[in-house]
Amino acid sequence: MSKRIGSIFPMIFCLLIGAVFVLILCIPQTRSVFKEVTAIHPFLMGFVKFSLLATVGELFAARLEKKCWQFPRGVVAKFVVWGFFGIVIALMFKVYSGGVAFIIQSGIIDGKVGGIWSAFLTSLIMNATFGMALMISHKVTDTMINLKCEKRQISVENVISSIDFKTLMGFTIMKTIPLFWIPVHTICFMLPGEYQIMFAAFLSIVLGVILSLKKGY
């Protein structure tokens, strides 16, 4: 009975967070406030969006792997780490979109700022550089949190030996980046700026499901 009750809370968390974000976007008044707050505090909102939605992705991944709802080990620490990743991602979105806009406006590359070509270039360049670094950083921090939960020493040797680099490189980086992240981020960069980080955070839920199906990540 206690196990069944314990499994309810992760499910309620996912449903509640999903419902809140959907309502914010569907109701004109809350959507207006959301856009204003995002414009004023982009990095704070990046933290909030990713910490909440990426945690939902973690819970979905755990549900698929364990066949029941449960909070993964170190969920609070992972929540905070995802939030800081959200800040960095919000910054990098501005850096890469601004950089691609500059090279197009300078005539270095033909195209139109805001079109599908500039969105694709932004996604391609960002994922081929920052995307790989983010994937590796996430795996390292995730492994460190798991080692802490297992009461094992957090050392370079233990972190490296605990990571399946064959899966990390062969699947997560070499397959999800070209087949998933570059296409969906192309769509993302065609959206208004205030919705880009929200869209990217929702994508973390999808990625959590994909990665849960590939044991060893």
Side-chain angles (χ1 to χ4, degrees), residues 21 25 34-35 38-58 61 78 80-143 163 165 167-211 214 217:
F21 277 102
L25 295 178
F34 169 83
K35 292 170 64 176
T38 299
I40 298 173
H41 304 289
F43 302 126
L44 174 61
M45 291 299 288
F47 184 99
V48 172
K49 295 169 192 174
F50 260 86
S51 59
L52 292 173
L53 292 174
T55 299
V56 171
E58 296 265 8
K78 292 178 180 181
V80 174
V81 169
W82 272 120
F84 280 107
F85 279 147
I87 294 174
V88 176
I89 291 169
L91 174 63
M92 290 298 104
F93 267 40
K94 293 181 179 297
V95 169
Y96 282 93
S97 59
V100 169
F102 174 79
I103 63 175
I104 290 177
Q105 291 169 346
S106 300
I108 299 173
I109 295 179
D110 292 333
K112 178 182 178 182
V113 176
I116 188 171
W117 173 238
S118 66
F120 170 74
L121 282 179
T122 305
S123 178
L124 176 64
I125 297 171
M126 184 185 73
N127 281 290
T129 53
F130 170 70
M132 290 192 290
L134 180 65
M135 292 283 190
I136 295 171
S137 297
H138 171 253
K139 187 57 185 176
V140 169
T141 55
D142 200 57
T143 301
I163 296 176
F165 281 97
T167 301
L168 176 62
M169 297 300 298
F171 177 76
T172 307
I173 291 178
M174 301 304 294
K175 290 185 179 179
T176 65
I177 286 181
L179 299 178
F180 179 75
W181 286 118
I182 291 177
V184 297
H185 275 148
T186 298
I187 298 172
C188 182
F189 283 115
M190 295 178 68
L191 298 175
E194 62 269 18
Y195 295 121
Q196 290 179 1
I197 299 300
M198 171 76 84
F199 184 75
F202 270 113
L203 290 175
S204 66
I205 300 177
V206 180
L207 182 65
V209 174
I210 294 174
L211 295 179
K214 188 65 177 181
Y217 169 72

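Worth saying up front: this structure is predicted, and the values here are computed from it rather than measured. Sequential numbering from 1 along the given sequence is applied to the chain's residues. Worth knowing before you read on, the calculation uses all heavy atoms, side chains too, and leaves out hydrogens, waters and symmetry mates.
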* To do: Report the distance from atom CG of Leu25 to atom CZ of Phe199, rounding to the nearest 0.5 Å.
  => 12.0 Å
Scan the side chains in residues 109-122 for donor-acceptor partners under 3.5 Å anywhere in the protein, sequence neighbours excluded, and list what turns up.
from   : atom 1 : to     : atom 2 : distance (Å)
Trp117 : NE1    : Asp110 : O      : 2.8
Ser118 : OG     : Lys112 : O      : 3.3
Ser118 : OG     : Gly114 : N      : 3.0
Ser118 : OG     : Gly115 : N      : 3.3
Ser118 : OG     : Gly115 : O      : 3.0
Thr122 : OG1    : Ser118 : O      : 2.7

* Asked: For the atom pair CH2 (Trp82) and OG1 (Thr55), what is the distance rounded to the nearest 0.5 Å?
  -> 8.5 Å
* Would Thr38 and Lys49 satisfy side-chain contact (heavy atoms from CB on, under 4.5 Å), going step by step from the backbone distance to the final call? -> CA-CA 10 Å; Thr38 299; Lys49 295 169 192 174; 3.6 Å; yes
* So do the side chains of Met126 and Trp181 get within less than 4.5 Å of each other, counting heavy atoms only? -> no
* Asked: Roughly how far, to the nearest 0.5 Å, is the CD1 atom of Ile197 from the CZ atom of Phe202?
  -> 13.0 Å
* Could you check if a side-chain atom of His41 sits within less than 4.5 angstrom of a side-chain atom of Val48, using non-hydrogen atoms only? => no
* Just wondering, do Met135 and Thr176 contact through their side chains at under 4.5 Å, heavy atoms? -> yes
* **Verdict with reasoning, Phe21 to Leu52, per side-chain contact (heavy atoms from CB on, under 4.5 Å)** => CA-CA 10 Å; Phe21 277 102; Leu52 292 173; 4.0 Å; yes
* Would you check, one step at a time, whether the test side-chain contact (heavy atoms from CB on, under 4.5 Å) holds for Phe50 with Ile87? => CA-CA 8 Å; Phe50 260 86; Ile87 294 174; over 6 Å; no
* Mind checking whether Phe93 and His185 have parallel, tilted or perpendicular rings, split at 30° and 60°? -> perpendicular
* How far apart are the C-alpha atoms of His138 and Thr172, what are their side-chain angles, what is the distance that settles it, and do they pass the side-chain contact (heavy atoms from CB on, under 4.5 Å) test? -> CA-CA 11 Å; His138 171 253; Thr172 307; over 6 Å; no
* **More than 12 heavy atoms from other groups under 6.0 Å of CZ on Phe84** => no
* Structure fact -> Output for pair (Thr129 OG1, Leu124 CG), nearest 0.5 Å, gives 9.0 Å
* Report yes if the side chains of Lys35 and Pro192 come closer than 4.5 Å at any heavy-atom pair, otherwise no. => no
* Asked: Do the non-hydrogen side-chain atoms of Leu53 and Met198 ever get within less than 4.5 Å of each other?
  -> yes
* To do: Work out which heavy atom in Pro178 is nearest to a heavy atom in Ile173; give both atom names and the distance.
  => CD-O, 3.5 Å
* Looking at CD1 of Ile182 and CD1 of Ile125, how far apart are the two atoms once the value is rounded to the nearest 0.5 Å? -> 10.5 Å
* Atom of Ala39, atom of Pro42 and distance for their closest heavy-atom approach -> O-CD, 3.8 Å
* Rounded to the nearest 0.5 Å, how far apart are OG of Ser137 and CE of Met132? -> 12.0 Å
